[in-house]
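Reading through the structure tokens given below for one structure.
Each chain gets a letter, A, B and so on, in the order the sequences are listed, and its residues count up from 1.
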Amino acid sequence: MNYWLLKSEPTAFSIDDLVARPQQTDHWDGVRNYQARNFMRDQMRRGDRAFFYHSSCKEPGVVAIVEISREAYPDTTGFDPKSPHFDPKSDAANPKWFMVDVRLVRRLRRLIRLEEIKRNPALGNMALVQRGSRLSVMPVTAAQWKAILRMEAH
DNA sequence: GCCAACGTTGGC
DNA sequence: GCCAACGTTGGC
């Protein structure tokens with residue numbers, strides 16, 4: 001099983017939004033970066049776990065654990081001219097962008113703030129804290145996964 | 001709101 | 001294929 005971290009701006013899609021969905025499941029659409037797409041399309045497997053991360057907000061950090069409940073399939077928002085994620089270069093016959101489905105496993109007992117993650121020496125090599133990194137879908141090692149869950153208890 | 005860092009675009 | 005200009009990300 002692989003571990004991941006998925007960023008979302010809570011003003012666009014927050015953990016509260018996911019909790020409110022039927023089966024607490026929704027698709028993770030709008031990824032428009034090749035590296036992030038390739039992780040999703042080529043490496044994410046059903047049953048993988050991911051941290052749900054709130055970005056571009058007052059207190060950026062990890063808020064929940066989700067499970068990949070459906071592997072990559074075409075991101076239809078790319079075909080929709082009314083969608084903010086519309087990409088005229090993508091169409092149903094030859095989709096350029098993909099999404100997965102995520103299901104809530106559980107909220108974390110508290111927000112694990114980015115600022116704390118940065119201070120944890122065990123997490124210094126996470127892509128999340130690397131200078132200039134803007135990846136919205138990134139792999140997390142088993143060691144990093146455990147380190148973040150350990151922080152939850154403190 | 002600022003701005004550094006990064007990715008993409010398009011002229012040449 | 002280079003690279004300047006531009007748009008976006010995302011922390012602060």
Side-chain angles (χ1 to χ4, degrees), chain A residues 2-21 26-44 48-68 71-102 104-105 107-141 143-152 154:
Chain A
N2 301 310
Y3 297 108
W4 305 95
L5 183 143
L6 301 171
K7 287 184 188 173
S8 179
E9 300 187 18
T11 52
F13 184 74
S14 74
I15 184 59
D16 290 332
D17 294 323
L18 180 61
V19 166
R21 295 291 190 267
D26 208 344
H27 39 268
W28 199 269
D29 60 21
V31 173
R32 295 293 180 270
N33 167 280
Y34 289 108
Q35 198 180 353
R37 178 203 68 182
N38 293 347
F39 281 135
M40 274 201 323
R41 188 189 57 186
D42 305 336
Q43 295 186 39
M44 256 186 205
D48 284 359
R49 299 257 163 140
F51 286 131
F52 190 131
Y53 177 90
H54 279 176
S55 66
S56 287
C57 56
K58 191 171 174 200
E59 288 196 306
V62 176
V63 293
I65 295 171
V66 298
E67 180 183 56
I68 307 305
E71 295 181 10
Y73 59 106
D75 181 345
T76 49
T77 64
F79 315 147
D80 178 4
K82 292 191 290 293
S83 167
H85 304 300
F86 176 61
D87 179 355
K89 291 179 189 156
S90 188
D91 59 69
N94 190 15
K96 186 170 158 190
W97 304 113
F98 291 81
M99 57 189 175
V100 297
D101 285 356
V102 301
L104 179 70
V105 173
R107 285 181 187 260
L108 296 189
R109 290 198 290 280
R110 66 181 190 87
L111 170 73
I112 310 297
R113 288 152 49 226
L114 174 63
E115 183 260 326
E116 292 176 70
I117 293 172
K118 283 183 167 171
R119 279 192 277 112
N120 186 337
L123 298 171
N125 52 1
M126 271 191 94
L128 183 69
V129 301
Q130 242 113 82
R131 177 188 166 84
S133 169
R134 304 185 315 192
L135 252 191
S136 60
V137 175
M138 70 185 73
V140 171
T141 67
Q144 292 163 349
W145 185 267
K146 281 184 202 149
I148 291 201
L149 291 183
R150 262 197 302 273
M151 294 171 74
E152 185 189 15
H154 298 152

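For A:K7, no side-chain nitrogen or oxygen approaches OP1 or OP2 of C:dT9 to under 4.0 Å. The side chain of A:Y53 places an N or O atom within less than 4.0 Å of a non-bridging phosphate oxygen (OP1 or OP2) of C:dG11. OP1 and OP2 of B:dT8 both lie 4.0 Å or more from every side-chain N or O belonging to A:K89. A sub-4.0 Å separation between OP1 or OP2 of B:dT8 and a side-chain N or O of A:K96 is absent.
Within the structure, side-chain hydrogen bond (donor to acceptor under 3.5 Å, both in side chains) pairs that include any residue of residues 84-95 of chain A comprise A:D87-A:K96, A:D87-A:W97 (at least two apart or interchain).
With hydrogens and angles ignored, a donor-acceptor pair closer than 3.5 Å exists between the side chain of A:R134 and the base of C:dT8.
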Side-chain donor-acceptor distances from residues 119-128 of chain A under 3.5 Å, at least two apart:
from   : atom 1 : to     : atom 2 : distance (Å)
A:R119 : NE     : A:E115 : OE2    : 2.6
A:R119 : NH2    : A:E115 : OE1    : 3.3
A:R119 : NH2    : A:E115 : OE2    : 2.9
A:N120 : OD1    : A:A122 : N      : 2.9
A:N125 : OD1    : A:Q144 : NE2    : 3.1

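Contact of the A:Y53 side chain with the A:L114 side chain is registered, since non-hydrogen atoms from C-beta on lie closer than 4.5 Å.
The CG atom of A:L6 sits 16 Å away from the P atom of C:dT9 (whole-angstrom rounding). Rounded to whole Å, the distance from CD on A:Q35 to C1' on B:dC6 is 11 Å. Rounded to whole Å, the distance from CZ on A:F86 to P on C:dT8 is 15 Å. Rounded to a whole Å, the CG atom of A:L135 is 11 Å from the P atom of B:dC6. For the pair A:M138 CE and C:dT9 C1', the interatomic distance rounds to 12 Å; values are reported in whole Å. Put simply, CG on A:L128 is 16 Å from C1' on B:dC6, counting in whole angstrom units. As rounded to whole Å, 8 Å separates atom P of B:dT9 from atom CG of A:D87. Protein atom CD of A:E115 is 13 Å distant from nucleotide atom P of C:dG11, rounded to whole Å.
A donor atom on one side chain and an acceptor atom on the other are found under 3.5 Å apart for A:T77 and A:R32.
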